[in-house]
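When a residue number appears, it is its place in the shown sequence, counting from 1.
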Amino acid sequence: MEHLALYRKYRPKTFEEVIGQDHITKTLANQILAGKISHAYLFTGTRGTGKTSIAKIFARAVNCENTTNGSPCGECEVCKRLAQDNDINIVEIDAASNNKVDDIRELREKVKFAPIGAKYKVYIIDEVHMLSDSAFNALLKTLEEPPKYVIFILATTEVHKLPQTILSRCVRFDFRLVSVADLTKQLAKVFDAEGIKYDAEALKLIASAGEGSVRDTLSIADCVNAYSNGNVTKENVLKVLGTTDYDLLVEFFDKIIQKDIGGMLTLINDMDSKGKNLSVFAKDVSKHARDLLAIKTCKQPNEILNLPNDVYAKFEEQASTTSEKNLIRYMQLFSAAESELRYSLSTRLLLETTSLSAIMEEDVKKN
């Protein structure tokens, strides 16, 4: 049987199933319940946060014969028909490959035809920022005064590239990055449904690696599960992602703080001999400095970091041994090194040089 990627298998079908975008789903559901639907919407935000999924849910909901709290019921004939990818009443257009003025002129001609067996015809234009200037101009009039049965949903990751004339004609919704806590809960639901064994720390590592994107998180989970053969552990996640174990980060930072040059060089040698991606390690070191800074400066830091209690205790202890100014300096040094390491022919030497700079620069007095 053909494998279906987790992010496709668990794509939300109702507003209630969408995570991390309550400010959008509640507004859209209320519009549907009140019958106050706009003719053009703009969905903007980073990849994998639900723009296309919510657009499809909305397209089904405005046509549903028996909505449930504003969401499509999924049971009526219209819902069943619209759930099929080839239904003519929901038209998805990829602006990256259909970005010429002729493509938009063709769309304008098709808009004239009324929906068949539905109340609305919904056009979802993905990556709309890829349209050419002439294509935007061709879209303007139709976007401003479309037929009553047409709804446009424009989706983009780069809203700053859209002309102001387009922005002013749309109701705009900004999609947020999804929190690690929400992504962890979603992963647990998916793994439970799939019968996949896991430990809590592994889920947090996967969710953190997803960087706020539901799609990226589930794609990583798919890869880790394939490697783990149905038993996802912290060690397997670290191997697949190439990320650094918390204990190694703490040990490395101890060498930096204690100015232990020999110990630092030995650790880098061990990582290099084991094939560790040193660019990823530099990124993890920079993030670790940021985590320690959060512990020193925030009132409830673990609500931000979402670390296991035993790991948080180690981080808190280490944070007390250095200053805020030093942590900021470490962040700057290792984040700059990360981009250089990607293209360096001598990654080990560059990481050693950066680490020596962190050790040898004049120490700032601890706060």
Side-chain angles (χ1 to χ4, degrees), residues 201-202 204-211 220 223-224 227-228 233-296 301 305 307-308 310-366:
E201 197 167 343
K204 286 187 177 182
L205 286 171
I206 296 172
S208 179
E211 298 183 338
I220 293 168
C223 186
V224 171
Y227 176 84
S228 305
T233 63
K234 168 190 168 183
E235 290 72 24
N236 288 339
V237 174
L238 291 173
K239 288 178 182 177
V240 172
L241 297 181
T243 49
T244 311
D245 192 355
Y246 293 131
D247 289 337
L248 178 58
L249 283 171
V250 170
E251 184 182 1
F252 185 80
F253 249 67
D254 279 342
K255 305 302 181 188
I256 298 291
I257 294 169
Q258 296 165 10
K259 300 184 180 299
D260 182 358
I261 296 176
M264 177 271 294
L265 292 174
T266 300
L267 276 179
I268 293 177
N269 177 70
D270 291 343
M271 287 186 290
D272 189 46
S273 63
K274 293 176 182 177
K276 171 73 179 175
N277 187 322
L278 299 184
S279 175
V280 172
F281 178 73
K283 177 183 178 181
D284 291 339
V285 170
S286 179
K287 181 179 180 298
H288 183 66
R290 171 259 187 190
D291 291 347
L292 298 186
L293 187 64
I295 290 173
K296 290 184 72 71
L305 306 180
L307 294 167
D310 59 329
V311 174
Y312 179 79
K314 293 178 183 178
F315 281 24
E316 188 175 34
E317 181 181 356
Q318 189 170 63
S320 66
T321 64
T322 188
S323 68
E324 295 169 15
K325 291 183 179 179
N326 272 335
L327 291 172
I328 293 171
R329 184 163 58 86
Y330 299 153
M331 287 174 64
Q332 293 171 335
L333 282 169
F334 287 99
S335 61
E338 180 209 347
S339 57
E340 292 182 31
L341 281 163
R342 294 178 187 174
Y343 309 104
S344 175
L345 297 177
S346 182
T347 54
R348 174 175 166 176
L349 182 60
L350 179 56
L351 180 61
E352 289 173 341
T353 303
T354 303
S355 303
L356 286 170
S357 296
I359 289 176
M360 300 304 295
E361 283 185 21
E362 184 178 356
D363 194 22
V364 183
K365 289 184 179 180
K366 199 171 80 172

(message) Looking at Glu338, is its backbone amide N or carbonyl O close enough to the side chain of Lys283 to form a donor-acceptor pair, meaning the two atoms are under 3.5 Å apart?
(response) no
(request) Mind jotting down which residue pairs meet the ring pair (Phe, Tyr, Trp, His ring centres under 6.0 Å) criterion with at least one end in residues 259-279? Sequence neighbours excluded, please. (result) none
(request) Specify the closest pair of heavy atoms between Ile359 and Lys255, including all atoms of both residues, with the distance to one decimal. (result) CD1-O, 4.1 Å
(message) How long is the straight-line distance from OG of Ser320 back to NZ of Lys296, given to the nearest 0.5 Å?
(response) 7.0 Å
(message) Nearest 0.5 angstrom please: Met271 CE to Lys276 NZ, how far?
(response) 7.5 Å
(message) Strictly distance-based, threshold 3.5 Å: is any side-chain N or O of Arg329 a donor or acceptor partner for the main-chain N or O of Ala358?
(response) yes
(request) Name all residues meeting the salt bridge (Lys or Arg N to Asp or Glu O under 4.0 Å) criterion together with Lys204; count only those two or more places apart in sequence or in a different chain, and write none if there are none. (result) none
(message) As an exercise, state the distance from CD1 of Ile295 to CD of Glu324, rounded to the nearest 0.5 Å.
(response) 12.5 Å
(message) For the CG atom of Leu350 and the CG atom of Leu341, what is their distance to the nearest 0.5 Å?
(response) 4.5 Å
(message) Please give me the minimum heavy-atom distance between Ile220 and Gly210, naming the atom from each residue.
(response) CD1-N, 4.0 Å
(message) Go through it in stages, so that I can follow the logic: the residues are Tyr246 and Asp310, the test is side chain to side chain contact (heavy atoms under 4.5 Å, CB included), and I'd like the CA-CA distance, side-chain angles, deciding distance and then a yes or no.
(response) CA-CA 11 Å; Tyr246 293 131; Asp310 59 329; over 6 Å; no
(request) Carefully, step by step, assess Ile261 and Met360 under the rule side chain to side chain contact (heavy atoms under 4.5 Å, CB included). (result) CA-CA 9 Å; Ile261 296 176; Met360 300 304 295; 3.8 Å; yes
(message) Can a donor-acceptor pair be found, under 3.5 Å and without considering hydrogens, that links the side chain of Thr266 to the backbone of Gly262?
(response) yes
(message) Suppose the criterion is salt bridge (Lys or Arg N to Asp or Glu O under 4.0 Å): which pairs have a residue in residues 241-251, not counting sequence neighbours?
(response) Lys234-Asp245, Asp247-Lys314
(message) Once rounded to the nearest 0.5 Å, what's the spacing between atom CG of Leu292 and atom OH of Tyr330?
(response) 10.0 Å
(request) Flag the pair Leu351 / Phe334 as yes when at least one side-chain heavy-atom distance between them is below 4.5 Å, and no otherwise. (result) yes
(request) Write down the atom of Ser355, the atom of Ile268, and the distance for their closest heavy-atom approach. (result) OG-CD1, 3.8 Å
(message) I'd like to know whether Ser335 forms a side chain to side chain contact (heavy atoms under 4.5 Å, CB included) with Arg290, so could you lay out the CA-CA distance, the side-chain angles of the two residues, the decisive distance to 0.1 Å, and finally the verdict.
(response) CA-CA 11 Å; Ser335 61; Arg290 171 259 187 190; over 6 Å; no
(request) Return the set of residues passing ring-ring contact (aromatic ring centres under 6.0 Å, His included) with Tyr312 (not counting sequence neighbours), or none when no residue passes. (result) none
(message) If you compare all heavy atoms of Leu241 against all heavy atoms of Leu205, which two are closest, and at what distance to 0.1 Å?
(response) CD1-O, 4.2 Å
(request) Any ring pair (Phe, Tyr, Trp, His ring centres under 6.0 Å) involving residues 254-285? Give me the pairs, sequence neighbours left out, ordered by first then second residue. (result) Phe252-Phe281
(request) Find the distance between CZ (Arg348) and CG (Leu278) and round it off to the nearest 0.5 Å. (result) 9.0 Å
(request) Indicate, with yes or no, if the rings of Phe315 and His288 have centres closer together than 6.0 Å. (result) yes
(message) Among residues at least two apart in sequence or on other chains, which ones pass side chain to side chain donor-acceptor pair (under 3.5 Å) with Glu317?
(response) none
(request) For Ser339 and Ala336, indicate whether the former's side chain and the latter's backbone hold a donor-acceptor pair under 3.5 Å. (result) yes
(request) Check for a donor-acceptor pair, side chain of Gln318 on one end and backbone N or O of Val250 on the other, with a separation under 3.5 Å. (result) yes
(message) When you measure from the side chain of Ser344 to the backbone of Glu340, do you find a donor-acceptor pair of N or O atoms at a distance under 3.5 Å?
(response) no
(request) Would you check if Asp260 and Asp254 make a side-chain contact, meaning some heavy-atom pair closer than 4.5 Å? (result) no
(request) Of all the heavy-atom pairs spanning Asn326 and Thr322, show the shortest one and how long it is. (result) CB-OG1, 3.4 Å
(message) So which atom in Ala294 and which in Leu305 form the shortest heavy-atom distance, rounded to 0.1 Å?
(response) CB-CD2, 4.2 Å
